[in-house]
Amino acid sequence: MINYKLEHDNVFDELVERGYFEQATHEDELRELLKNESVKFYIGFDATADSLTIGHFIQIMIMMRMQRHGHIPVALLGGGTTMIGDPSGRSDMRMVMTKETIEHNAKCFANQLGRFLDFENDKAIIENNADWLLNLNFLDFMREIGVHFSVSQMLTLDSYKNRLHDGLTFFEFSYMLMQSYDYLVLYRKHGVKLQMGGSDQWSNIIGGYNLVRKLEQDKVYGITFKLLTTADGVKMGKSMKGAVWLDENKTTPYELFQYMRNIDDRDVEKFLLMLTFLPIEECKRLGALEGAEINKGKEVLAYEITKLVHGEEKAKQALETSKALFSNNVIDENMPTTEFSKEKFAEGVGILNLLTELELTKSNGEGRRLVQQNGISINGAVVDDFKKNITLDDFENNELVIKKGKKIYHRVTVK
């Protein structure tokens with residue numbers, strides 16, 4: 001596990017200064033609790049894919065910080081709630097997934113979380129709400145839990161109100177009851193007294209907070225943190241290829257490095273504070289650099305995040321590859337690479353089709369515009385004809401390197 005010097009006696013103050021904190025129930029009480037006791041807390045992860053994303057990483061960072069201050073994380077896998085899907089922040093219904101897919105995804109999440117949290121000697125706990133949600137008796141559940149929720153009050157919440165005109169199913173409407181029940185189960189089973197989540201989870205967290213306080217007559221709490229957004233207000237974690245994954249088979253260490261290396265100058269300090277363990281003063285110093293110097297801050301950010309996610313060795317490889325690309329040196333094997341058979345290029349492949357197949361562009365139209373703007377080069381030579389066919393003659397030692405714009409490279413090999 002990563003060692004770092006605690007900068008605050010109280011993790012609450014650290015979460016505030018680092019920019020995570022959004023709002024909390026009984027803020028002063030909670031701050032004192034976190035200062036004086038080891039608190040069991042939980043964060044839920046609905047298993048909607050077979051890998052966590054960089055968007056989840058802010059939650060993981062918070063769990064790691066809490067654990068290093070002596071608190072005990074409970075990572076709750078949503079094997080049950082994923083069967084419904086959280087309607088919060090959505091304008092449509094989530095795709096219904098099979099039990100087998102959800103179970104597989106949850107196992108993938110568990111393996112990934114094990115890379116970041118220390119689960120030895122009960123320092124952290126992992127649970128799956130499928131264990132108590134999948135076999136619930138409907139009438140018993142509604143008698144014990146449903147009676148404590150007001151439909152009229154729920155309909156005033158943004159997570160439901162925004163969906164009323166487009167169609168909100170009772171299936172989705174029950175999500176808050178399920179998540180609230182999670183809190184109750186974890187309180188009764190492990191003594192969990194705090195639920196944490198993104199700012200879009202406030203309504204769900206309040207539902208569980210109220211339920212546990214009402215049924216157990218005990219003080220429990222909820223806290224939300226800011227979503228990871230860019231300076232333009234866009235939710236972070238999407239690249240041209242789609243989500244930025246923590247699984248290196250879906251997003252390579254180099255691709256993660258380059259994604260972070262290419263962020264907006266305005267986001268450097270914020271992301272250093274929230275996504276690395278560098279000291280606060282160092283984050284602010286790097287974030288305050290101006291002009292070309294800010295690229296040093298971006299490089300440090302990209303390296304630190306890649307090191308946390310994939311380890312120091314792969315972070316160093318990504319850094320070296322990035323430097324080689326920017327200095328036009330020979331490309332090494334760490335660069336994003338796609339391998340084809342030689343037969344594919346025997347009669348030629350259109351440059352626009354190849355760009356799309358490599359996911360460097362989303363359409364032939366985008367590729368055509370890039371070529372016309374001199375935004376595509378092959379082995380250092382600008383492509384000036386969007387009708388160009390790529391043949392084996394374009395390969396040097398069975399490889400070629402396509403450069404898109406100033407920063408995106410892709411190596412193509414044949415055998």
Side-chain angles (χ1 to χ4, degrees), residues 1-5 7 18-20 51-65 68 112 115-117 228 230-231 236-241 243-337 405-411:
M1 305 306 291
I2 298 162
N3 293 315
Y4 80 109
K5 182 180 179 181
E7 296 177 283
R18 287 268 177 178
Y20 298 107
S51 171
L52 296 163
T53 69
I54 195 67
H56 290 112
F57 197 57
I58 191 169
Q59 302 171 54
I60 295 170
M61 288 295 297
I62 289 171
M63 295 178 89
M64 287 194 285
R65 291 187 186 282
R68 283 156 177 73
Q112 288 183 330
R115 289 161 28 197
F116 303 107
L117 299 172
L228 197 59
T230 67
M236 187 190 177
K238 293 286 186 181
S239 69
M240 195 195 68
K241 290 185 176 182
V244 180
W245 306 97
L246 302 189
D247 182 344
E248 66 178 290
N249 295 313
K250 296 167 76 72
T251 299
T252 67
Y254 172 77
E255 288 171 333
L256 174 61
F257 183 98
Q258 284 302 106
Y259 178 81
M260 300 309 305
R261 172 66 179 75
N262 294 332
I263 64 166
D264 191 295
D265 295 357
R266 297 169 292 173
D267 289 322
V268 174
E269 179 181 320
K270 173 182 176 180
F271 291 169
L272 281 167
L273 286 168
M274 300 178 82
L275 298 175
T276 80
F277 286 107
L278 292 177
I280 291 172
E281 288 186 5
E282 179 67 0
C283 294
K284 292 184 175 181
R285 183 190 72 79
L286 290 168
L289 296 174
E290 297 180 351
E293 287 294 307
I294 193 64
N295 289 323
K296 176 60 178 176
K298 294 182 181 182
E299 192 174 90
V300 171
L301 171 68
Y303 177 80
E304 290 295 324
I305 293 177
T306 306
K307 182 173 70 172
L308 284 171
V309 175
H310 296 297
E312 188 169 11
E313 181 179 349
K314 289 177 181 176
K316 286 181 178 178
Q317 290 175 350
L319 175 61
E320 290 167 1
T321 300
S322 178
K323 287 182 174 179
L325 292 172
F326 280 95
S327 61
N328 294 317
N329 289 335
V330 177
I331 308 307
D332 63 31
E333 67 276 5
N334 296 313
M335 185 179 181
T337 300
K406 295 181 179 180
K407 301 177 180 179
I408 298 174
Y409 293 78
H410 198 102
R411 179 169 166 252

Any side-chain heavy atom of [X] sitting closer than 4.5 Å to one from [Y]?
X	Y	answer
Phe257	Lys314	no
Met260	Tyr303	no
Phe57	Leu228	no
Leu246	Thr251	no
Arg18	Met61	no
Arg115	Gln112	yes
Thr337	His410	no

Can you name the side-chain contact (heavy atoms from CB on, under 4.5 Å) partners of Lys250, sequence neighbours left out?
Asp50, Ser51, Trp245, Asp247

Taking atom [atom1] of [X] and atom [atom2] of [Y], what is their separation to the nearest 0.5 Å?
X	Y	atom1	atom2	value
Glu248	Tyr254	CD	OH	16.0 Å
Gln258	Thr321	CD	OG1	9.0 Å
Thr276	Ile305	OG1	CD1	7.0 Å
Thr230	Asp267	OG1	CG	5.5 Å
Gln317	Leu319	CD	CG	11.0 Å
Glu312	Glu304	CD	CD	9.0 Å

Would you please test Arg285 and Glu282 for side chain to side chain contact (heavy atoms under 4.5 Å, CB included) and show each step?
CA-CA 5 Å; Arg285 183 190 72 79; Glu282 179 67 0; 2.9 Å; yes

Of the non-hydrogen atoms in Glu7 and Ile280, which two are nearest, and what is the gap between them?
OE2-N, 2.9 Å

Looking only at non-hydrogen atoms, find the nearest pair between Pro253 and Ala318 and report the distance.
O-CB, 4.1 Å

Could you pull out every donor-acceptor pair under 3.5 Å between side chains of residues 286-298 and any protein atom, sequence neighbours left out?
residue	atom	partner	partner atom	Å
Asn295	ND2	Ala292	O	3.3
Lys298	NZ	Ile263	O	2.9
Lys298	NZ	Asp265	OD1	2.6

Please determine if Arg65 forms a cation-pi arrangement with Tyr20, meaning its NZ or CZ atom is less than 6.0 Å from the six-membered ring centre and no more than 45° off the ring axis.
no

